[in-house]
Amino acid sequence: MLEIFYNRRSTRKFLDKRIEEAKIKKLLTAALLSPSSMGSRPWEFIIVDDPALLSVLATSKPHGALLLKHATLAIIIAGDKTKSDVWIEDCSIASIFVQLEAEALGLGSCWVQINRRYYNDDITSNEYIHEHFNIPERLEVLSVIGIGYKAAQRPPLSDCDVLWNKVSKNRYQDQTSFEIPKECEE
Ligand SMILES: Cc1cc2nc3c(=O)[nH]c(=O)nc-3n(C[C@H](O)[C@H](O)[C@H](O)COP(=O)(O)O)c2cc1C
């Protein structure tokens, strides 16, 4: 499991290679198995592979969404706010489950944030996506995960990325036995 965690890096450049249906099914299986508060399962998922619709998603906000234009697949992750007051948490967990399963399947992915982002001064990214994808009012889009075969392999995270100074034992900032390796210190 940790190997997947070290290797998962955000992928924003993808090969022009289709993702097998069996892999798409596994990505959605991971999402549908994710835990949710009180087991309410407030999430719903829209898989998008139509290039014209991927281009629409890529313009859902001015910055940070363009990668979706070149992704082979995008998964829109939306939560039913009438089913759960913590739909954001539930959809976040589903989002990362999809990303980790993508890595396990040899695919790259990137989270594109939609909740609290804006298409322009007047329209939220959520409203923009609702408009183009016939999404009902009760659902709020949290994220869109762009997925595809990696065009380049990014270096994995290293032990220097494991910031042990963020961990306390018992009381805040009481020391733990875990240390940042010497070679990571500047
Ligand atoms: C909540 C969240 C929102 C993110 N939103 C975006 C985004 O809108 N566009 C983007 O390109 N990357 C986005 N990312 C990816 C982060 O930029 C990336 O995870 C971070 O820079 C660390 O890099 P790594 O994923 O390669 O380890 C998001 C990640 C998270 C967890």
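Computed from heavy atoms alone, side chains included, the values below leave out hydrogens, waters and symmetry copies. Everything quoted here is computed from the prediction, not taken from an experiment. Every number for a ligand or one of its atoms is a count from 1 in the order of the listing.
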Engineer: Can you name the atoms of ligand 1, numbered from 1 with element, that are less than 4.0 Å from a heavy atom of Leu67?
Structural biologist: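 Every atom of ligand 1 under 4.0 Å from some heavy atom of Leu67: 11 (O).
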Engineer: Knowing that exactly one of Ser143, Ser10, Ser109 qualifies, which makes a side-chain hydrogen bond (donor to acceptor under 3.5 Å, both in side chains) with Gln99?
Structural biologist: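 For Gln99, the side-chain hydrogen bond (donor to acceptor under 3.5 Å, both in side chains) test succeeds with only one of Ser143, Ser10, Ser109, which is Ser109.
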Engineer: Tell me which part of Arg117 gets within contact of ligand 1: side chain, backbone, both or neither, using heavy atoms under 4.0 Å.
Structural biologist: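 Neither part.
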Engineer: For atom 19 (O) of ligand 1, which protein heavy atom lies nearest, and how many Å away is it?
Structural biologist: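 That would be Ser10 OG, 3.3 Å.
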Engineer: Students should be able to answer this: which protein heavy-atom is nearest to atom 8 (O) of ligand 1, and at what distance?
Structural biologist: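 Ranked first by proximity to atom 8 (O) of ligand 1 is Lys61 NZ, 2.6 Å.
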Engineer: Tell me the protein heavy atom at minimum distance from atom 14 (N) of ligand 1, and give that distance in Å.
Structural biologist: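 Answer, as residue, atom name and distance: Trp111 O, 3.3 Å.
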Engineer: Please could you name the atoms of ligand 1 that Cys110 approaches to less than 4.0 Å, counting only its heavy atoms?
Structural biologist: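 What qualifies from ligand 1 is 10 (C), 11 (O), 12 (N).
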Engineer: Could you measure the distance from the CG atom of Leu27 to the CG atom of Leu73? Nearest 0.5 Å is fine.
Structural biologist: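 Separation between the atoms: 7.0 Å.
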Engineer: State plainly whether the residues Glu20 and Lys26 are in salt-bridge range, i.e. N to O under 4.0 Å.
Structural biologist: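 Result for this pair is no, no salt bridge flagged.
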Engineer: So, does Lys61 use its side chain to make a donor-acceptor pair with the main chain of Gln113 at under 3.5 Å?
Structural biologist: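 Side chain of Lys61 to backbone of Gln113: a pair is present.
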Engineer: Looking at atom 22 (C) of ligand 1, is any protein heavy atom nearer than 4.0 Å to it?
Structural biologist: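 When distances to the protein are checked, atom 22 (C) of ligand 1 has no heavy atom within 4.0 Å.
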Engineer: Give yes or no for whether the N/O distance cutoff of 3.5 Å, strictly under, is met between Gly64 and ligand 1.
Structural biologist: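 Between Gly64 and ligand 1 (N or O atoms, distance only) the closest approach is under 3.5 Å.
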Engineer: Are Val112 and Ile147 linked, directly or through other ILVMFWY residues, by side chains that come within less than 4.5 angstrom of each other?
Structural biologist: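 Different clusters.
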Engineer: Any ion pair linking Glu140 and Arg116 (charged N to carboxylate O, less than 4.0 Å)?
Structural biologist: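 Looking at Arg116 and Glu140, the cut-off is not met.
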Engineer: Is any side-chain heavy atom of Trp111 less than 4.5 Å from a side-chain heavy atom of Val98?
Structural biologist: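 Of all side-chain heavy-atom pairs linking Val98 with Trp111, none is under 4.5 Å.
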Engineer: Give me the residue, atom name and distance of the protein heavy atom closest to atom 11 (O) of ligand 1.
Structural biologist: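 Here the nearest protein heavy atom works out to Arg12 NE, 2.8 Å.
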Engineer: So which protein heavy atom does atom 27 (O) of ligand 1 come closest to, and at what separation?
Structural biologist: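 Nearest neighbour among protein heavy atoms for atom 27 (O) of ligand 1, to 0.1 Å: Arg8 NH2, 3.1 Å.
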